[in-house]
Each structure stands twice: as structure tokens, then as C-alpha cells.
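Some notes on the structure that comes next.
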Amino acid sequence: MTAFVLIHGSYQGGWIWQRVATRLRAAGHTVYAPTMDGCGERRHQLRPGIDTSTYVAEVSDLLFYGNCPGCCEAGARGLSCGG
């Protein structure tokens with residue numbers, strides 16, 4: 001099956017993908033829906049300098065360092081600034 005990395009939009013969090021993630025997991029896929037720095041439940045980490053490159057680094061770190069089986073061939077999806 002496929003691994004999906006779902007990226008939320010501005011002022012949201014990984015929770016925005018809950019319904020989609022549930023369906024993908026039920027179909028046997030691996031799903032990661034992280035909340036980016038300074039957003040959603042991580043809003044307390046908001047600081048100057050967070051931009052698109054910050055989010056790219058976070059997703060890259062998830063794929064490279066995380067326990068993310070199948071993520072070498074992950075399908076990434078996003079919306080708003082996450083897309």
C-alpha cells in the first residue's frame with residue numbers, strides 16, 4: 001500500500017485530515033498528518049521566521065528521521081499554504 005503525508009493549510013492542524021486519514025487507513029494505507037510549527041495545537045510554538053521552508057524542513061525530517069515505513073515513496077497532499 002501507499003504511505004500518505006497530508007499537510008494542512010494555514011491556521012489549521014493535522015486534525016483537519018482526520019476523516020480522510022481514517023478512510024485511507026481503513027483501506028490499508030499508512031497516513032501521517034503532522035501539525036506544523038506554530039499551527040493548531042502547536043500554536044504556542046509560533047515565532048518569527050516560520051515560513052514555507054520551515055514546513056518543508058519539518059516534512060523532510062519526518063520522512064528522513066521518522067519511523068515512516070514506505071515514506072520513501074510517499075504521496076504528499078496539501079491544501080491552502082500546505083499545498
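Counting from 1, the numbers follow the sequence of the chain as shown.
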At their closest point, which heavy atom of [X] faces which heavy atom of [Y], and how far apart are they?
X	Y	answer
L62	P34	CD2-CG, 4.3 Å
M36	H8	N-NE2, 2.9 Å
V31	R25	O-NH2, 2.9 Å
E58	T35	OE1-O, 4.2 Å

(Q) How long is the straight-line distance from CD1 of I16 back to CG of L6, given to the nearest 0.5 Å? (A) 11.5 Å
Q: Decide yes or no on side-chain contact (heavy atoms from CB on, under 4.5 Å) for I50 and Y55, but give the supporting numbers first.
A: CA-CA 8 Å; I50 294 177; Y55 298 147; 3.5 Å; yes
